[in-house]
Every structure is written in structure tokens, then in C-alpha cells.
Amino acid sequence: MLTCVGFDLDMTLIDPRPGMAAAMNRLGDDNDLPLDGEYFAAHLGPPLDHSLRGFGAPEEKIPDLITQFRANYPEIVVPQTVALPGAQEALDVVHELGATTLVVTGKYGPNADLHVKALDLPVDTLVGDLWSTGKAAALTEHGASVYVGDHVGDMRGAQAAGAVAVGVVSGPCSRDELVEAGAEVVLDSLTEFPAWLRAWAA
């Protein structure tokens, strides 16, 4: 019986790329660091500290950089973010089938919640600050039998929780990469998800 379906947030349900690029570039400007907002926005998925290390940010500065980024986030990123095609319908079909919707994201939870509220997404539970196999804890706790995401880390999290891993190619990872990471099905976009879930649940 289907009781809960989990979703990733960035590039699965929402597209925050313009704001993410702007926020990272501002962080670089404010701290005189070579942070590449466009590259960051094109490779969303891993936690912020991973990305900052990848740009060569000094380790001792990373906690403060994260604090600054999170503080700037509501005014820079949230207003520029849109829901991806099919996001509303994907969440609605879960409720139509009598199950609950769960978002498990690597994003800082309070900022993730701002997106859900701003876009009026029908999300029952949101858990932030979890990445890759770390997402399994929340998926297991809430009994998610399916987890939908755009990143190989999402597929690994689903597998670790024993949930059906559903990939969408709306993010940085290719169909082949998602399959290799454990996706049991890969969709071109969330617009295909309602039909798939109805068939799977039946």
C-alpha cells in the first residue's frame, strides 16, 4: 500500500538556478573569493560546504560563508525561483492516491520551507540538510516507498532506504548516470510522473 512518496527539491520540484547563481556571485564579491555562481547553479545537489571547498574557499572561512549565504538567500533566491513543469501535478497525484508527500533535500531546511510556501506546493513534511545516503534516515522514518530526484545522490539515498528510485533528467545528471546510481525508472520530466505512479500503485 502506498503511504508516502518522497521528492528532492532543487531541480526536481523547483528551478532556483538564477537566484543561486546570483547568491553565490554575491558571496564571492562580498568576500573577495573566486566563487563561480553559474557553475554552482548548473551543478546543484551537493551540500553548500562541498561546493565552497570545490571553489577553493579557505576551510576556516566556510562556516561564516554558509551563514552569509543563508542570510542572503530569502531576498535573492526565493523570488527568482519557479516550480518545474509537472511539480504541482506530481504532488497532487500522491494525495489523490491517499498518500503523503515528503520533501527531503540537502538544502538548509528553513530556506527550503520558504520555497514551498512561496510556490504553494502541497508538501506535507519537509526535511532539510540531508544528502545522498543520508536521506535514507528521513525516507525510512516517514515510510516513503518511492523517492524522486534529479541527482545520483538522490538515487543512492532511495536505494539506502529501500525505496523505488525514480530519476528525472531535469537536473545535472544524465539518464545513464541516474541508472548507474540505482534509478529503477528515469523520466524526462515530472509531467510523466502521475501516469507512472498510478500504474505503479495499481
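Computed from a predicted model, the values in this text were never measured in an experiment.
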- Query: Hey, quick one: are Val185 and Leu190 part of the same hydrophobic cluster, counting side-chain heavy atoms closer than 4.5 Å, chains of contacts allowed?
  - Reply: yes
- Item | Distance (rounded to the nearest 0.5 Å) between Leu44 CG and Ile14 CD1 | 9.0 Å
- Task: Over all heavy atoms of both residues, which pair between Ala165 and Gly182 is shortest? Give the atoms and the distance, please.
- Result: CB-O, 3.6 Å
- Message: Can you confirm whether Val94 sits close enough to Leu97 that some side-chain heavy atom of one is under 4.5 Å from a side-chain heavy atom of the other?
- Response: no
- N/O donor-acceptor pair under 3.5 Å between Ser170 side chain and Met11 backbone: yes
- Query: Any chance the rings of Tyr147 and His142 have centres within less than 6.0 Å?
  - Reply: no
- Item | Smallest separation among heavy atoms of Ala144 and Gly6, with atom names | CB-N, 4.1 Å
- Query: With no hydrogens and no angle check, do the side chains of Gln68 and Asn31 hold a donor and an acceptor under 3.5 Å apart?
  - Reply: yes
- Message: Under the criterion side chain to side chain contact (heavy atoms under 4.5 Å, CB included), I'd like the reasoning laid out for Thr125 against Thr101: C-alpha separation, chi angles, the key distance, then a yes or no.
- Response: CA-CA 7 Å; Thr125 305; Thr101 54; over 6 Å; no
- Message: If hydrophobic clusters are built by linking Ile, Leu, Val, Met, Phe, Trp and Tyr wherever their side-chain heavy atoms come under 4.5 Å apart, do Val77 and Leu65 end up in the same one?
- Response: yes
- Query: If you measure from CZ on Phe7 to CG on Leu126, what distance do you get to the nearest 0.5 Å?
  - Reply: 13.0 Å
- Report yes if some heavy atom in the side chain of Gln159 is under 4.5 Å from a heavy atom in the side chain of Thr133; otherwise report no. no
- Item | Gly37 backbone acceptor or donor facing Asn25 side chain under 3.5 Å | yes
- Looking only at heavy atoms, which two atoms of Val152 and Leu178 are closest? And how far apart? N-CD2, 4.0 Å
- Message: Is any side-chain heavy atom of Arg26 closer than 4.5 Å to one of Asp30?
- Response: yes
- Thr12 side chain vs Asp150 backbone, donor-acceptor pair below 3.5 Å: yes
- Message: What's the separation between atom CG in Asp113 and atom OG1 in Thr105, rounded to the nearest 0.5 Å?
- Response: 11.5 Å
- Query: Hey, mind stepping through Asp8 and Val148 against side chain to side chain contact (heavy atoms under 4.5 Å, CB included) and telling me if it holds?
  - Reply: CA-CA 6 Å; Asp8 175 51; Val148 188; over 6 Å; no
- Message: Nearest 0.5 Å, please: how far is CG in Asp29 from CG in Asp32?
- Response: 9.0 Å
- Residues, nucleotides or ligands: over 12 heavy atoms within 6.0 Å of Glu96 CD: yes
- Message: Quick one, Phe55 with His50, criterion ring pair (Phe, Tyr, Trp, His ring centres under 6.0 Å). Give me CA distance, side-chain angles, the key distance, then yes/no.
- Response: CA-CA 9 Å; Phe55 291 134; His50 291 210; over 10 Å; no
- If you look at every heavy atom in Met20 and Phe69, which pair is closest and at what distance? SD-CZ, 4.0 Å
- Item | Gap separating the CD atom of Glu59 from the CG atom of Leu52, nearest 0.5 angstrom | 9.5 Å
- Hey, what do you get for CG (Asp49) to CH2 (Trp131), rounding to the nearest 0.5 Å? 11.5 Å
- How far apart are the C-alpha atoms of Lys117 and Leu114, what are their side-chain angles, what is the distance that settles it, and do they pass the side chain to side chain contact (heavy atoms under 4.5 Å, CB included) test? CA-CA 5 Å; Lys117 288 182 167 60; Leu114 291 177; 5.7 Å; no
- Message: Go through it in stages, so that I can follow the logic: the residues are Met24 and Asp36, the test is side chain to side chain contact (heavy atoms under 4.5 Å, CB included), and I'd like the CA-CA distance, side-chain angles, deciding distance and then a yes or no.
- Response: CA-CA 7 Å; Met24 185 59 75; Asp36 186 338; over 6 Å; no
- Query: Mind checking whether Tyr39 and Leu27 sit in one hydrophobic cluster, side chains of I, L, V, M, F, W, Y counted as touching below 4.5 Å?
  - Reply: yes
- Item | Side-chain (Glu177) to main-chain (Ser174) donor-acceptor, under 3.5 angstrom | yes
- Side-chain contact, heavy-atom cut-off 4.5 Å: Val179 with Met155? no
- Is Arg70 paired with Asp129 through a side-chain N to carboxylate O contact shorter than 4.0 Å? yes
- Distance-only donor-acceptor check, side chains Asp120 and Gln88, under 3.5 Å: no
- Message: Please find the pair of heavy atoms, one from Glu89 and one from Pro194, that lie closest to each other, and give the distance.
- Response: O-CG, 3.9 Å
- Heavy-atom side-chain proximity of Leu102 to Val5 below 4.5 angstrom: no
- Carboxylate-amine/guanidinium proximity below 4.0 Å for Asp10 and Arg17: no
- Hey, are the side chains of Glu184 and Val166 touching, using non-hydrogen atoms and a 4.5 Å cut-off? no
- Query: Given the rule that I, L, V, M, F, W and Y join up when any side-chain heavy atoms are under 4.5 Å apart, are Val104 and Leu91 in one cluster?
  - Reply: no
- Message: So Trp200 and Phe193, do their side chains get closer than 4.5 Å, heavy atoms only?
- Response: no
- Between Pro46 and Ser51 the two heavy atoms that sit nearest each other are O-OG, 4.3 Å
- Message: Hydrophobic clustering (ILVMFWY, side-chain heavy atoms < 4.5 Å, transitive) - are Ile62 and Leu33 grouped together?
- Response: yes
